[in-house]
Every structure is written in C-alpha cells, then in structure tokens.
Amino acid sequence: MPGPGPYLLTHSVGALPRAAMHAVYAGFLQPWMQQGGEAWPAWLGGIDEFCAALAALLGGRPTEYCPQPNLSAALAKLLPALPRPSAEKKVWVAAEDTFPSLGFVMQLSEGL
C-alpha cells in the first residue's frame, strides 16, 4: 500500500483514460503521421512541456528532468555517472521486491 505523496509505480501500466489516449494520438502519433521527420521540433517541444510540468509538480527546474522510457533505462544511465568508490568492489543494495530488471542493471554496472 503506497504511503502519502506521489505513487510512481515503476513496473506496471494500466489502461489509458480516453482523454489520455486522444492526447497521445493528437500530440504524438498524428504529427509523425502528417509531418514525418519534420515533426521533431514539435515532439521535442512536448518533452520540454512535460519537463516543465514535472518541475511544477515535484519542484526544481525543468532542465533538471530527463525523461526516460522506464526506470531501468534511467538507472543504467545514472549508475555509471556516480562517483567511483575507493573500494575495489562496489556493492549495490536493493529491496527484495525491486522490479527484476533493476537487478540486471545493477549487476551489469559492477564492472564499470
């Protein structure tokens, strides 16, 4: 049971509400279908708007957010960017019920 505050489920998605399905079609699929490769500026503008909405919701500046397709992809980018410990071997600790792909990312990052 999630506690107070935002609940960001990392491993499941439910059915999109009808309004969201329309927004995905109008804001993402339709521009690519109509404009082809010329849709990039609008699509990148949509990502900027999303980052601004995250900043308004969670705090910070929009430039501090970098949307990723999933948590495992984000972790794969974050772990190599962390300072290297002075110890010979890194040890990553995760909860037992962590989504399995996070463990795969942590195992692969041990050799960095």
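The figures here come from the full heavy-atom set of this structure, side chains too, leaving out hydrogens, waters and symmetry mates.
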Does a side-chain heavy-atom distance below 4.5 Å link F104 with S72? no
When you group the ILVMFWY residues by side-chain heavy-atom contacts below 4.5 Å and let the links chain together, are L29 and W40 in the same group?
yes
ask   = Are side-chain heavy atoms of L54 and P62 found at a separation under 4.5 Å?
value = no
Next on the checklist: With a 4.5 Å cut-off on side-chain heavy atoms, are Y65 and F50 touching?
Outcome noted: no
Between M21 and Y25, is there a shared hydrophobic cluster once you connect ILVMFWY residues whose side-chain heavy atoms come closer than 4.5 Å? no
Between P31 and A26 the two heavy atoms that sit nearest each other are CD-O, 3.2 Å
Closest heavy-atom pair, R61 versus A55, reported as atoms and distance to 0.1 Å, is C-CB, 3.8 Å
In short, V105 meets L79 closest at the heavy-atom pair CG1-CD1, 4.2 Å
- For residues F28 and M33, determine if any side-chain heavy atom of one lies less than 4.5 Å from a side-chain heavy atom of the other. no
**Asked** Does L82 share a hydrophobic cluster with L71, counting links as ILVMFWY side-chain heavy atoms below 4.5 Å and allowing steps through other members?
**Response** yes
